[in-house]
Each structure stands twice: as C-alpha cells, then as structure tokens.
Amino acid sequence: MEKSNAGLPSRVRFGYGVGNLSFGVVLQLLTSYLMFYATNILHIPGRWVGLAASLGVVWDAISDPIMGHITDNFASRRFGRRHLFMLIGAVGATALNLVLWTIDPSYSTVFKFFILAVILLLIRTFMTLYAVPYNALGAELTNDYYERTSVQGYKTAFFVLGMVFPTVGGTLFFFRPTPAYPDGQFNPDAYLYMALVGSLIMLATGLYGIISTWKYRTFAKATKSRFRPKRMFLSFAVALRNKDFRFVATGYLLVNFASAWVGALALHTFTFALNYANDKMALVLGTMFACAVFSQPLWVLISKKLDKKPALLIAVGCGVLGSLIMLLMVLFALDYMRSTWLSMVPMIALIGFGVGGMLSLPPSMVSDIAD
C-alpha cells in the first residue's frame, strides 16, 4: 500500500519519535556502563568484555541487512511489514536488558563471560528486530523532501533523550553515594534498579511508537513473503553501487563508531582521569544531550535554507572543532579541567550541537537516495 503522506500530523511524528527513545535507552546502557559494570562489578577482564561486545557488534553487522530483507518482504495482513517485528523486538530487548544487569558476581569468570556474551548477542538480535523495521518505517511515513528531516529530527531528539536517562539519570539518581559505596558506580544494586526502570521505559515507549504509527503500516505482496538469499544479496549490491549511498552510509558509520567509542570510555574518564563527582558528570553530559535535542528544529531550518549536504558539513565541523579543543585541553590543561568542570561546558555544547545534526540528517538523506 503506497501513499503520499506529505503533511504528516505532528502527533504521528511525535509518536514515531517516542519509539526511538526505547532504542536510545538500551543502546546507551550498553555503551555507557557495560565496560565499567563488567570489569568493576563482575570482575571480568577488560579484553574479555571487549571480545563479548565485539561479537555483538559483528552479529549486528550481519543481522541488520538480513532483517532489512526480511521485513521488506514480510506479508502480514494485520501487522504489515514492520510492526510485528517491532513488537517482538521491544518486548525481547526489555526482558534481556533486565537479565543482563543481574548477573551474579560470585559465578566463575569463564561462566560470567559466557553469560555476558550470550545475553549481548540476544539483546543485539532483539534490537535489530526493532530498529531495522522502525528505521524503514520512518522513510515510509512521508515522501516530502523536507518533512523527512522533521521526522528524523523527532526521532533523533527522542533517541538522545533515551541516552539521557542512563547517562545523566544514572549518575544523578542511581549512583548516589552510600556509606558502603562512596562512589556509587561501584554499587551492584544501583545497576539492578537502573535496569528495572530502564526496561519499563523501553517497553512503554516502544509500544507507544508502534501504536502511534499503526495506521501507517505498509504491506508487501503475499507472493514475496519468504526469505530469498539471492535476491537479498542482489539488493545489497545495487545499494552499494550507489555512490551517494556509500558516502552517506560510511559517514554515518564513522559517526556512530566515534559515539560508541566515546560513550564506552566516558565513565572511566570522568571517574579516574578527571575525578568528577556524579553531579558534575551529569551536568557535563546533560549539556551535550540538551544541545543535541534542542538543536533539532534549527537543523531542520538550516537544511531548508542551505540544503541537507551543507547542513551536514556544518554539523561535522562543529563536532570536530569541539573535539579538537577538548583534546588540546586534555594535553595541556588537564589539571585545570579537573579543578574547573565548567571549562568542559562550551566544548561539550558545541559537540552536542554538531551531534544533533549528524544523527538526524543522514537518515533523511538515505531516504532521498532510495527515491
């Protein structure tokens, strides 16, 4: 069922965006706390944790395009091509996220590593089941060139808000100091409470996104509803032959790689290198996320004024400039950064502004390339 959806109601854009909050929560929990939790709470060697996380990422790279082919050709008269997979993914990721943060530290190191690796693979699988159809749905909600940027802006804003909960909420509320744990991030119970609240948020927002976009389901022909490896690989080849797609996809890959790298090291850096208390961590990171969220309307306006490619180049420039200034501060003024946390705010704000554009503009451009 193909239809023109220019003039998409704000409530639909809002509901679709809310659906990405669930993905932001689970991804940021893994990005921000997995390494710290596994090494300092479960006492698994860091190289083992890195191996387990890498297996999950490699599986992601394999399963995402397969899931894309399956959902494109899935024939369901009730759920359409996207919504059934989104439902399964949201419920599964919610359950596995809760299990991940309740591993008993008294288990043997080998057994803890095995459990961690298996759970991470399962979480990644359910995240793929949700995220791939969800992202495809965003391109189908409207075929208007500029409205797509607005849809992606809602999606990015709620994704970043999903990242705020673990990063800022964790440091402010769940990792509060106690007599037994003056540094709250070493308290095993804190991760359990954070996982419980996070899982509830994931489930609620995922279901809201599904319900809000229910009337915009698209349907594949019943004759195509089966897995065809040859057709799948041919479709991959067609996409990769498109120069514009290669450029946008590669850039988006590098942005996500950099974000994951920084996120994985942030808690270690703030704790051991800068010696920041939890409230300072929350304020610094909260500044970055706030700038990424509130920059979305501005990126929509910039893309309308200059077009999407120049807007994206500006976003990349802001992120690079802020990162370079921060690198120079670390190299030459580390003691000052330790004593004056406010010195971080201008750089973090600039990076957050750039990240806002780098997260919302490329998906909008991919939809245009597909057309």
Side-chain angles (χ1 to χ4, degrees), residues 1-3 5 16 19-20 22-23 26-27 54-93 96 120-143 148 151-152 155 159 206 209-210 213-214 216-257 260 359 362-371:
M1 182 176 64
E2 302 296 336
K3 51 183 177 292
N5 292 324
Y16 174 74
N20 209 29
S22 62
F23 189 75
V26 65
L27 185 63
S54 298
L55 290 174
V57 172
V58 170
W59 172 239
D60 237 0
I62 296 171
S63 62
D64 279 8
I66 295 174
M67 186 66 237
H69 177 76
I70 292 173
T71 184
D72 279 346
N73 296 282
F74 182 70
S76 169
R77 293 183 179 180
R78 180 172 181 80
F79 290 94
R81 294 188 290 177
R82 316 299 183 194
H83 287 71
L84 178 61
F85 298 112
M86 291 168 61
L87 178 61
I88 296 171
V91 173
L96 269 297
L120 285 177
L121 286 173
L122 290 173
I123 286 180
R124 289 285 183 179
T125 300
F126 283 112
M127 289 171 65
T128 293
L129 283 168
Y130 182 84
V132 173
Y134 172 85
N135 288 322
L137 178 63
E140 296 166 350
L141 290 176
T142 179
N143 52 21
R148 281 175 175 159
V151 169
Q152 296 301 326
K155 171 185 163 186
F159 175 73
I210 292 169
T213 57
W214 184 257
Y216 291 87
R217 291 163 293 159
T218 59
F219 299 86
K221 295 179 181 179
T223 55
K224 295 174 62 180
S225 184
R226 62 189 181 92
F227 182 67
R228 297 180 178 181
K230 182 178 179 180
R231 176 179 290 177
M232 179 183 70
F233 287 113
L234 286 174
S235 66
F236 296 165
V238 169
L240 292 174
R241 282 200 298 267
N242 187 304
K243 182 179 70 173
D244 294 326
F245 173 77
R246 292 200 304 270
F247 279 131
V248 174
T250 301
Y252 197 49
L253 169 69
L254 294 175
V255 167
N256 282 278
F257 172 77
L359 290 177
S364 176
M365 296 167 75
V366 167
S367 301
D368 301 330
I369 292 168
D371 281 350

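What you are looking at is a predicted structure, and each value in this text was computed from that prediction instead of being measured. In what follows, residues are counted from 1 in the order of the sequence shown.
- With rounding to the nearest 0.5 Å, the separation of CG in Leu253 from CZ in Arg246 is 14.5 Å.
- At least one side-chain heavy atom of Val26 sits less than 4.5 Å from a side-chain heavy atom of Ile123.
- The minimum heavy-atom distance between Met86 and Pro133, with the atom names listed, is CG-CB, 4.0 Å.
- Partners of Phe79 by ring-ring contact (aromatic ring centres under 6.0 Å, His included), not counting sequence neighbours, listed by chain and number: Trp214.
- The two residues Ala93 and Phe126 have their closest heavy-atom pair at N-CB, 3.5 Å.
- Listed by chain and residue number, Ala237, Val238 satisfy the side chain to side chain contact (heavy atoms under 4.5 Å, CB included) test with Arg241 (two or more places apart in sequence, or in another chain).
- For residues 82-91, the salt bridge (Lys or Arg N to Asp or Glu O under 4.0 Å) pairs, not counting sequence neighbours, are Asp72-Arg82, Arg82-Glu140.
- Residues that satisfy the side chain to side chain donor-acceptor pair (under 3.5 Å) test with Ser364, not counting sequence neighbours, are Thr149, Lys308.
- In terms of the side chain to side chain contact (heavy atoms under 4.5 Å, CB included) criterion, residue partners of Leu240 (sequence neighbours excluded) are, by chain and number, Phe245.
- Side-chain polar atoms of Ser76 and His83 form no donor-acceptor pair below 3.5 angstrom.
- The side chain to side chain donor-acceptor pair (under 3.5 Å) pairs that include a residue from residues 125-138 are Trp59-Thr125, Asp60-Thr128, Ser63-Thr128, Asp64-Thr128, Asn135-Lys155, where partners are two or more places apart or lie in different chains.
- Remark: the backbone N or O of Gly68 is not paired with any side-chain donor or acceptor of Thr71 at under 3.5 angstrom.
- Taking both residues in full, the closest heavy atoms of Ala61 and Pro65 are given as O-CD, 3.1 Å, listed atom of the first, atom of the second, then distance.
- Arg81 and Thr218 are linked by a side-chain donor-acceptor pair at a separation below 3.5 angstrom, with hydrogens and angles left out of the test.
- Atom CG of Leu137 is separated from atom CZ of Arg217 by 11.0 Å, given to the nearest 0.5 angstrom.
- Put simply, the side chain of Arg124 does not reach to within 4.5 Å of the side chain of Leu55, judged on heavy atoms.
- A pairwise comparison of heavy atoms in Gln152 and Pro363 identifies OE1-CB, 3.2 Å as the closest pair.
- Taking CZ of Phe74 as the start and NE2 of His69 as the end, the distance is 13.0 Å to the nearest 0.5 Å.
- A distance-only check finds no donor-acceptor pair linking the side chain of Tyr16 to the backbone of Thr213 [under 3.5 Å].
- Side-chain contact between Ile70 and Phe85 is present, with heavy atoms from C-beta onward closer than 4.5 Å.
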